[in-house]
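On a predicted model such as this, the values are computed, not experimentally measured, just so you know.
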Amino acid sequence: MTTLTHAGDTLTRNALAVLQPGFDGTTTAPDWLRRRIGEGLASVSLFGRNVRTAEQVAALTAQLRAERDDLLIAIDEESGDVTRLEVRTGSSYPGNHALGAVDDTTLTREVAADLGRRLAACGINFNWAPSADVNANPDNPVIGVRSFGADPELVARHTAAYVEGMQSSGVATSAKHFPGHGDTAIDSHHSVPVIDVDRDVLNSRDLAPFRAAIAAGTRAVMSAHVLAPALDPDNPGTLSRRILTGLLREEFGYEGLIVTDGMDMQAIAGTYGFERGCVLAIAAGADAICTGGGPSDEGTVLRLRDAFVAAVRSGELPEERLADAADRVRALAGWASVSGATDRSGGAPDTGIGLVAARRALTVTRGETYAAPLTSAPYVATFSPLPNIAVGDETPWGVTAELGRRFPGTRSGTFSGDTAGAEALAAAGERRIVAVVRDAHRHGWMSAALTTLLAARPDTIVVEMGVPQSAPVGALHIATRGAARVCGEAAAEIITAS
C-alpha cells in the first residue's frame, strides 16, 4: 500500500523523497529504513553488500514494498565489470565495450531486455545504467570497458538500443554520466576531472549519446561530477544550473528524472562537503540524490533530510524546486510500479544471451609462434591493477575458474609491480602459461611483464580483459573487451578448442 498518513509535514516528506539511500551490509530491510519509507522516502538503493541470491533480493524488495508499493528500488547494474546483482560470481552479461565491438543494436537491445527481466524478477525497477560516455581518452581510469566505444555515433545508437531494451522490461534506465565522463584522466571518485574542449567538440562527441538516450525515452539521466569549462567554468555538472537546467532541461527539452552520481564521491564531498553538495545539486536542477555507496546509515538520511529543510527555510533552496524534484521522483516511481514485473520471485530463466554476446565480442589473434591449443592444466598468471571504485574488488574475474573446470589441477597466481613477469615465470615452472591482463596499455609494469614472459616462454597465451589498445602479443591473443564471467568463459572456450 502507499500510505503517508503518519508522515511529517510536506516539506519533510519532499526532503526525504529526493534521497536514494543505501543501507548497511544486511540482506533484509532494517527497521529504520522501513520507518523512513513510511515518512516519505520514495527510493532505496541496493549495493553488492545487500545481495546474496536472486531469491533473497526478491524477498528484500518485497519487505520494502510492504511499506510503499510504488517504491523505486535502484541498483548500479551495468553488467560486465560493474555488477551488483552478481557481485560474487561475475556477470552473466558482457559489458558495453563488448556490445559496442559487436555493433549489433539488436543484440544490445536483447541483452538489455534480458538483464531487465532479471532485475524486475528481483523487484528492482531502476537501474543506474547505461554508461553513455564516449571513451575518447584511452587512458581513462574509470570508464574504459564501461563505454560502448570511442565513436560517438556507435555509442549513441547502442545507448538508445540499451534504453529501449531495458525499459521494455519495466525497469527504468539512467543514461550516465551527463555531460560525459569519457575524456577524463582522473576518476571523480577521487577528485574533480576536467574536460577542457570547446562546445563544438562536446556537442558532436560527448553529448550525442545523451540526445539519443532522450530520444529513445530514457526515464532518467545521471549527472557527472565533471567540470566542462565550455559549459560552465565554475561548477561541475552535478552542481551546475547551466548544465542541468539550461542545457539538459531547456535546450534538450528533457522532462524525466535527473539523478546525481554518488554524492559521497570525493569530487563533491571532498570539495564542497557532503550535505552542502546535495543541497547545491537540487538547487541546480537535480531531482534525486544518489548516496549510500559510502555513508549508509539512518544518521546519513536524517542529516540530508535536515539539510534540505534548513536550506528551504533559510531561502537558499526554493521550496518549489524541492517540491518539483520530489514530484519527479514520485512520477518515476509511479511509472515503474505500473510497468514492472508482477512475478517478483527472483527467478528468471537463463536465456544464454550473455554468453552468445561475449563469444561474438572476442577478437582472436594467432601469433607466429602459435602452438596447439591447451591440452593440460596450465599456470594462469593474472596481472592485476588496482581496481577502480566503480568496479570494486569483490567480483572475481579472469579465466582461472573456467580453465580449472576444464583442467582440474590448474594453478594460478596474481602479480603486480616491476618484478611481476619474473615472479610469474618462477611460479609457473614447466606448465604452459596463460597470462591475463586488464588495460595493459595503461600500465607500464604490465606490458613489461608480458615482454618478460614471452621472451622466455613464447608459447604463452595472452588474454586481454580490458580495452585492447595495445598490439596483440603472444602465441595466442584473445581480447574479451571486459572481465565479466561470461567473457572468461568465452575466452576459455577458445583456449581449449581443439
Side-chain angles (χ1 to χ4, degrees), residues 1-47 50 59-75 123-126 172 220 257-260 262-264 274-279 281-283 286-314 316-338 340:
M1 67 277 181
T2 304
T3 63
L4 296 173
T5 55
H6 56 294
D9 59 70
T10 299
L11 175 58
T12 301
R13 292 201 303 273
N14 287 343
L16 284 169
V18 301
L19 299 177
Q20 296 194 336
F23 54 97
D24 288 335
T26 63
T27 55
T28 57
D31 290 342
W32 70 262
L33 184 61
R34 296 164 74 175
R35 286 197 306 273
R36 300 306 169 190
I37 292 170
E39 294 172 4
L41 193 67
S43 307
V44 173
S45 304
L46 302 184
F47 293 86
N50 308 121
L60 168 59
T61 59
Q63 276 187 304
L64 293 169
R65 284 204 172 84
E67 306 300 322
R68 180 178 187 141
D69 56 9
D70 66 343
L71 187 71
L72 268 182
I73 300 181
I75 198 167
I124 296 165
N125 55 13
F126 186 26
L257 186 83
I258 299 175
V259 59
T260 71
M263 295 300 285
D264 53 295
F274 185 41
E275 292 94 335
R276 173 143 183 83
C278 292
V279 169
I282 296 294
D287 305 306
I289 297 295
C290 170
T291 182
S296 54
D297 58 0
E298 183 177 20
T300 299
V301 171
L302 297 181
R303 280 164 46 209
L304 293 177
R305 179 201 66 185
D306 293 347
F308 289 127
V309 171
V312 168
R313 289 176 175 165
S314 71
E316 180 182 11
L317 176 63
E319 186 169 4
E320 59 271 20
R321 170 78 275 270
L322 181 64
D324 174 65
D327 285 344
R328 289 184 189 275
V329 174
R330 296 182 191 115
L332 181 58
W335 175 86
S337 67
V338 171

Test item: Arg305 side-chain N/O and Thr12 main-chain N/O as donor-acceptor pair under 3.5 Å: no

Student check: side-chain heavy atoms of Leu11 and Arg313 closer than 4.5 Å: yes

Between Ala17 and Val329, the two heavy atoms sitting closest are O-CG1, 3.4 Å

Nearest atoms (heavy-atom pairs only) where Leu304 meets Phe274: CD1-CZ, 3.9 Å

Taking Gln63 for the side chain and Ala29 for the main chain, is one N or O donor matched with an acceptor at less than 3.5 Å? yes

Heavy atoms, side chains only, cut-off 4.5 Å: are Arg330 and Asn14 in contact? yes

Using atom types as modelled and distance alone, determine if a side-chain donor or acceptor of Asp327 lies under 3.5 Å from a backbone N or O of Leu322. no

Distance (rounded to the nearest 0.5 Å) between Leu19 CG and Thr300 OG1: 10.0 Å

Decide yes or no for Asp31 and Arg35: does some side-chain heavy atom of the first lie under 4.5 Å from some side-chain heavy atom of the second? yes

Considering non-hydrogen atoms only, spot the tightest contact between Phe23 and Leu33 and give its length. CD2-CD2, 3.5 Å

For Ala326 and Val18, work out which heavy atoms get closest and say how close. N-CG1, 3.7 Å

How long is the straight-line distance from CG of Asp297 back to CG of Leu302, given to the nearest 0.5 Å? 8.5 Å

Closest non-hydrogen atom pair, Ala286 against Thr260: CB-CG2, 3.8 Å

Distance, nearest 0.5 Å, that separates CD of Gln20 from CG of Asp287: 10.0 Å

Hey, are the side chains of Phe126 and Ile75 touching, using non-hydrogen atoms and a 4.5 Å cut-off? no

Taking the side chain as every heavy atom from C-beta outward, state whether Asp306 and Glu275 have any pair of such atoms under 4.5 Å apart. no

Just verifying a value: how many Å separate Leu332 CG and Leu72 CG, rounded to the nearest 0.5 Å? 4.5 Å

Counting C-beta onward and ignoring hydrogens, is there a side-chain heavy-atom pair between Glu39 and Val301 closer than 4.5 Å? no

Drop me the distance from Leu64's CG to Ile73's CD1, to the nearest 0.5 angstrom. 5.0 Å

Roughly how far, to the nearest 0.5 Å, is the CG atom of Asn125 from the OG atom of Ser43? 8.5 Å

Test item: Asn50 side-chain N/O and Thr27 main-chain N/O as donor-acceptor pair under 3.5 Å: no

Search all heavy atoms of Ile289 against all heavy atoms of Ala281 and return the closest pair with its distance. CD1-CB, 4.0 Å

